[in-house]
Amino acid sequence: MTYIAKPAFHHPSLQKNALGFTRRDYEGKVSTLCAGCGHDSISAAIVQACFEIDLEPHRLAKLSGIGCSSKTPDYFLGASHGFNTVHGRMPSVLTGANLANRELIYLGVSGDGDSASIGLGQFAHVMRRGVNMTYIVENNGVYGLTKGQFSATADKGSKSKKGVVNSDAGIDMVALALQLGASFVARSFSGDKDQLAPLIKAALTHKGAAFIDVLSPCIAFNNHKGSTKSFDWVREHNEAVNRLDVLLGRLPVTTQYEPGELVEVQQHDGSLLMLRKVAADYDPTDRVRAMSYLQERQAAGEIVTGLLYVDPDADDLHDALGTVHRPLNQLSDRELTPGAAALAGINAALR
Amino acid sequence: MARPLSATNDFVVKFANVNGSGSASANGLFVKAILRMGVPVAARNIFPSNIQGLPTWYEIRVSGQGWLGRRGGVDLMVAMNPQTWDRDLAEIEPGGYLFYDSTKPLPPEKFRPDITVVGVPLTRICNAAYAEPSKRKVLKNIIYLGALTFLLGIERPVVETLLSEEYASKPALIPANIEALALGFDWARENLKPLGLKLERADAVGDRIFVDGNTAAALGAVYGGATVCAWYPITPSTSLAEAFTDYCKTLRHDPETGEARYAIVQAEDEIASIGVVVGAGWNGARAFTCTSGPGVSLMQEFIGLSYFAEIPAVIFDVQRGGPSTGMPTRTQQSDVLSAAYASHGDTKHVLLLPEGPGECFELGAQAFDLADRLQTMVFVMLDLDMGMNEWLTAPFAWDDRRKLDRGKVMTAQMLEAGADFGRYKDVDGDGIPYRTYPATHPSKGAYFTRGTSRDPYARYSEEGAVYVDNMERLLRKFETAKSLVPAPVHRAAKKKTGYGVIYYGSTSPAMDEALAQLEARGLHLDALRLRAFPFAGEVFDFIAKHELVFVVEQNRDAQLRALLINEGGVDPARLVKVLNYDGSPITARYIAGELAKGMGAADVAPTGEMAK
């Protein structure tokens, strides 16, 4: 976290999106994370994604918990309201914010310490409720702020920087999200921006609970030999099931891909997800298949990345609750207070 | 042999039942019948933390004079639970009455010589009339209701009408219930004489309603504009969320689309409940949770965030017997300190202290105005006695001209006009800053909310001076709260006195009666009923004007007294503790006895037992 703002100056010829914003308009304060931290790459991917989908920066609400990852919302989309909540409890706060105003776009940023340990319960329930959001876990398998303890996503048998071997089984957040009913589940790698940025674009345009687990090696405490969350390890074991492009509000241009390698998925808002398959016979709309595929590849020592599951017709929590389409925080007094006449009827029923 | 008690429209009846036996319906009908006869009642359900099988009681104060607190003692015990026979028998006042099922004869030593025993062979009557076990179980209660209707002079058509109303949605059940009522009534008429305790039609109820505090508070939340409710079931607060759900279903829909103008989430735990509330409050919706002491314990971290990040939130704390699981289904006022200073670090929170359903509604609605105005957590402190028992109270009232106070919210127009927005700037000198809702303006007014220290422009800062400045501003805001929260209610004694008494909440009805009893004995006290924390200056003026002030409350450690001492620097020697904390609601008899003793009165009987 920092109070150092970036200089406002930028080159006049910077590319602008359809709204007239440059990429710089999606940036935040100067990061205070360690130089080379994967989390900063994720922030950059978020900036790129928001820029490319022509998102009005102020219409995004960014929420986080506590930890290195949870500091990052200060480092992107400076024109947005941000909320650094408490450790592991961001999902409930995001749920409340979403209920108050369904018109905004909600981005929850968390870490493996934040979401897989203290926050595992809230993570589970925000997914099963189908809160319309993008939930990114910046997953480095370690507690960086407190200098290197294993987190709950650290793989069994992996080593800490001090050489301690982790004896606990690691929690796979993607497997959890699939089981819990998230309607968009992906995994990526902070070192693979080409894959990550389109995934974030797709998640932001998805209606429902979108989850992206981003392996983001901690360069200070978890980027050594023996770690299964290091840059080298992830690069060596990464198996992408697909590559993604997101087309918004325009006709899809499919000629750039080879026929037979493409899967098109249309989302609720009309955006088109173009999935270029890498893994043979991978179907990202089959939740059961996605779960078993994940387990199979994991048993083979691979880290599966890409869009693993999507339900393009998912409902969200507001659908389940039947709430009005106008934001609850904009209802007038008259729409909220039933008035004296209604109260007279209530009184009569209580005699 | 004590002379049998004789009283009209002024006595205490207690039903001793077994949890799960279906007695609640019959007992409720008994109370409503008396109310329909125009006679005030106060009813209290005393129940175990158990599904079925354990003892449960229902105590009814019939008071033509309108006293709604517990008096103490029992004039008529309806002893339907052999398990608690001995203790039930012991509670009966000398000259009182015991009503029991005389199907099986009991030896003489099972009775007291100074009471009148009224036996009705309920099981025999019931078994003769009904073959099905389910009918026998339920209708036996209606049979004793019928017998009591005769014995006490309740108007039978009133009860029959009530039965018809009760089963209006299941009309097939009405004839069977009316028949059971007749079985009891006729048997009693043919075999017994009316008791010395009598009911006569009166006109002392007026247009008052009969409602529990949780329902009233839920309705207050509806009228207060709450749109988001997140909760987790816990006795005794659960019925508040359920009542809010029911009222929203009928009162809060878009008339054209039928869509809900509210969102209710049964969260996974209390922590998530308050998290949702904080998120909704941050985003400009009025939000609340309801819980009890254990829930407040779990919510501590978020309560601190609400305080420090200055986010409106409302908690209805329906207090029960603590600490820990304590007595989950018994009443106490023992969360006062843990709510007032909830969370870590230096925190102080606004507490509203309703005395009954009327104020549960009124302060329940006002809590949302205060939370928005002060941008902070507001607790509404109910308790089990107030929340789960039905009380006779003035009808709810609402002025349609009333506007919801949204507090200091900076709009896009204000930002566009060039207002200097600093989220934590004390622009008006009252300690209350302006806030913006997310997405207010494309380029102005966005800020980062956090629980860490920051400067007036919401920029992270660990500078000592900046932190101190912020904490001092929060104190100024708390000072401002004193002028916004409901003022205490002062009642002067008829004669000048050096004695005062301070109390709050559900102690109030018993206090009203105790003060009247003392006055009749020539013992005068000025009384101050607190309705909020922080305490206004007049609270300490009141203490300063009296040599001795009794502080009556329902917990072991005199928590309200401690708060008064801590906040007002009061000499502890001048504040006398009067404490009731056995889990049952305080009685007028106990309060009067303790105050009389404290005032040096010679005859202070009856006293000793805490709540009897």
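Residue numbering restarts at 1 for every chain, and letters A, B, ... go by the order of the sequence lines.
Both the backbone and the side chain of A/Pro73 have a heavy atom closer than 4.5 Å to some heavy atom of chain B. Heavy atoms closer than 4.5 Å to chain B are found in both the backbone and the side chain of A/Thr323. Of the two parts of B/Arg406, only the side chain, counted from C-beta on, holds a non-hydrogen atom closer than 4.5 Å to a non-hydrogen atom of chain A. With a threshold of 4.5 angstrom between heavy atoms, A/Leu321 approaches chain B through its backbone and through its side chain. Neither the backbone nor the side chain of B/Ala230 comes within contact range of chain A, judged by heavy atoms closer than 4.5 Å. Contact of B/His253 with chain A is not made at all, since no heavy-atom distance falls under 4.5 Å. In this structure, the portions of A/His325 lying under 4.5 Å from any heavy atom of chain B include both its backbone and its side chain. Proximity to chain B is absent for every atom of A/Leu60, based on heavy atoms less than 4.5 angstrom apart. Both the backbone and the side chain of A/Pro338 come within less than 4.5 Å of a heavy atom in chain B. Interface remark: B/Ala272 contributes backbone and side-chain atoms alike to the contact with chain A (heavy atom separation under 4.5 Å). For B/Leu219, the part sitting under 4.5 Å from any heavy atom of chain A is the side chain, from C-beta outward, and nothing else. Only the side chain of A/Arg129 comes within less than 4.5 Å of a heavy atom of chain B; its backbone N, CA, C and O stay farther away. Heavy atoms closer than 4.5 Å to chain B are found nowhere in A/Glu56, neither backbone nor side chain. In this structure, chain A has a heavy atom under 4.5 Å from the side chain of B/Arg36, while its backbone stays farther away. Neither the backbone nor the side chain of A/Ile66 comes within contact range of chain B, judged by heavy atoms closer than 4.5 Å.
Contact tally against chain A (heavy-atom pairs below 4.5 Å) for B/Lys403, B/Glu268, B/Arg252: the top residue is B/Glu268. Note: A/Val86 leads A/Leu331, A/Val86, A/Leu63, A/Leu99 in heavy-atom pairs under 4.5 Å with chain B. Looking only at heavy-atom pairs under 4.5 Å with chain A, the residue among B/Pro438, B/Gly284, B/Ala365, B/Gly224 that has the most is B/Pro438. Interface check for chain A: of the options B/Ala458, B/Ala446, B/Ala397, B/Ala285, the most heavy-atom pairs under 4.5 Å are formed by B/Ala446. Interface summary for chain A: among B/Tyr437, B/Tyr457, B/Phe396, B/Tyr262, the most heavy-atom pairs under 4.5 angstrom belong to B/Phe396. By number of non-hydrogen pairs under 4.5 angstrom with chain A, the leading residue of B/Val277, B/Val265, B/Val278 is B/Val265. When each of B/Tyr447, B/Tyr247, B/Phe210 is scored by its heavy-atom pairs under 4.5 Å with chain A, the top score falls to B/Tyr447.
From B/Phe368, atom CZ reaches atom CG of A/Leu336 across 11.0 Å, with rounding to the nearest 0.5 Å. To the nearest 0.5 Å, atom CD of residue B/Glu259 and atom NE2 of residue A/His318 are 11.5 Å apart. Interatomic distance, A/Asn347 CG to B/Asp207 CG, rounded to the nearest 0.5 Å: 8.0 Å. In this structure, CG in B/Asp400 is found 11.0 Å from CG in A/Asp333, a value given to the nearest 0.5 Å. Here CD1 of B/Ile271 is found 7.5 Å from CD1 of A/Ile118. Values are rounded to the nearest 0.5 Å. The structure places CG of B/Leu251 at 10.5 Å from OG1 of A/Thr337, a figure rounded to the nearest 0.5 Å.
Using a 4.0 Å cut-off between a side-chain N of Lys or Arg and a carboxylate O of Asp or Glu, B/Arg450 and A/Asp74 qualify as a salt bridge. Comment: B/Asp269 does not engage A/Arg89 in a salt bridge, judged by the lack of any side-chain N to carboxylate O separation of less than 4.0 angstrom.
Judged by distance alone, the side chains of B/Asn283 and A/Tyr106 do bring a donor and an acceptor atom under 3.5 Å apart. A side-chain donor from one of B/Thr436 and A/His81 sits under 3.5 Å from a side-chain acceptor of the other.
Evaluated for a side chain to side chain contact (heavy atoms under 4.5 Å, CB included) with B/Val276, the options A/Asn98, A/Thr95, A/Val93 yield exactly one hit, A/Thr95.
Proximity of A/Asn329 to B/Thr227: side-chain heavy atoms (C-beta onward) are nowhere separated by under 4.5 Å. Between B/Pro395 and A/Arg351 the shortest side-chain heavy-atom distance falls below 4.5 Å.
The two residues A/Leu104 and B/Ala439 make their nearest non-hydrogen contact at CD2-CB, 3.5 Å. What you find for B/Ala280 and A/Ala100 is that their closest heavy atoms are O-CB, 3.8 Å. Among all heavy-atom pairs drawn from B/Tyr223 and A/Gly339, the shortest one is OH-O, 2.7 Å.
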Practice item. Decide yes or no on side-chain contact (heavy atoms from CB on, under 4.5 Å) for A/Thr85 and B/Trp282, but give the supporting numbers first. Key: CA-CA 11 Å; A/Thr85 64; B/Trp282 173 74; over 6 Å; no
Point to revise | Working for side-chain contact (heavy atoms from CB on, under 4.5 Å), residues B/Leu305 and A/Phe83 | key: CA-CA 11 Å; B/Leu305 181 69; A/Phe83 196 164; 3.8 Å; yes
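Applying the 6.0 Å contact sphere to NZ of B/Lys32 captures no more than 12 heavy atoms from other residues, nucleotides or ligands.
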